[in-house]
Amino acid sequence: MARSAILPVSRSVAAAPKKLSIDEARGAWIAAFRKVRTETEARAAHLSGEDQIVQSMEDASPTKWHRAHVTWFFEQFLLVPNVSSYKVFDERFPFLFNSYYVAAGPRHARPQRGLITRPNGADVAGYRAHVDAAVERLIANVPVEKAEAVFAILEIGLHHEQQHQELLLTDILHAFAQNPTDPVYDAAWRAPRPALGLRGFVDVPSGIHAIGHEGKDFCFDNETPFHDELIPEVRIARHLVSNAEWLEFIAAGGYSTPSLWLSDGWAAVHREGWQAPGYWRLKDGHWHTMTLGGLKAVDPAAPVTHISYYEAEAFARFAGKHLPSEAEWEVAARAGLIADAFGVAWQWTRSAYLSYPGYRAAEGALGEYNGKFMVSQMVLRGSSLATPEGHARVSYRNFFYPPARWQFSGLRLAEFI
Ligand SMILES: [Fe+2]
């Protein structure tokens, strides 16, 4: 839950620099595997068995499902292809815990994940233990000539599990926000404080700049190829938009002024009855918001979160600005120009989630990981307070549909010069 630093994976998750001996590499990968698997369980440990079953909407999944699905990922893509003697823990589980990999076989309907009371939590714990032991045996025993390929799939599995660690929190927060008793996920939870003193707008270096992932450290395929982008003359806000600024937007009638909204956004405002960010509600005449620490008074100084792309875009229009493109954001972040790029709130950009020039999805089922979602979604950059340590990168591309509000999503503004 600490703020994420921009660390190459070799020094963060994987801790496996390139020049290790094979025995050192085996040890480093086992340590990395245990660290990630332990973090998932640490996040789930705040929740009861009942908490872990609930699915509050189609987009959100039960905690128990997350714990099992990331385990299936290792079983399906690492163990089955690489360990001839491996026995699938339960032949029924691949159907239940495959998410969207069509090439990996049929799967349970996503909206019905919350109906699965059995296998129960203990069964899922047993599944995790079974796969943990098998993965560790594979790491320890994989022949040297196969090690590089095996460790590459292992690394994808670790980053995949980290993504679900974030979803585990955003999904349970959505469930708790539906509960009139305002459950507390973690009484010790504190919102990250924004950087102080860094205000105003700063020039982004204009001209041709390369963005995307470069080098041999881990990245997802959607961050490649490293390629040139033309950056216009533009300034970007050093700070994230705050709740205080959002309160001004509300007070000025932002949610009832159609000229501020995209057509689809205005339809969403009416369809969903939006009058404030997600989880905000008036209590005793004051805005409160549901957090991982329970229901709290809205902190004016904190960055706004749980806003959709539509709201971010409307706010930018209200402010006489626009959202940065993902290339503008990345060039500014690489230059160290912006505060709170990471570890507070994902930042909507005005960039549609599309492939970079020359992008090729991986072969086989893992090629479904990112590429098939490159339509109708918008890119968010940075990372959030829920992103596990070591998972963030300056080239990282998150993506959600424009109405989505259950992530820790906020914004920073930009303006053309
Ligand atoms: Fe997944």
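For ligands, and for the atoms within them, numbers begin at 1 and follow the listed sequence. Since the model is a prediction, treat every value here as computed from it, not as a measurement.
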Atoms of protein origin (N, O or S) under 2.8 Å from the Fe ion (ligand 1): H69 NE2, H160 NE2, H164 NE2
Geometric cation-pi criterion R37 and F74, 6.0 Å radius, 45° cone: no
More than 12 heavy atoms of other groups within 6.0 Å of E41 CD: yes
Mutual orientation of the aromatic rings belonging to Y86 and H130 [parallel < 30°, tilted 30-60°, perpendicular > 60°]: tilted
Aromatic ring pairing F408/H306, orientation class (parallel under 30°, perpendicular over 60°, tilted between): tilted
Donor-acceptor pair, side chain of R110 and main chain of D59, under 3.5 angstrom: yes
From L138, V83, I139, V135, residue fulfilling side-chain contact (heavy atoms from CB on, under 4.5 Å) relative to V150: L138
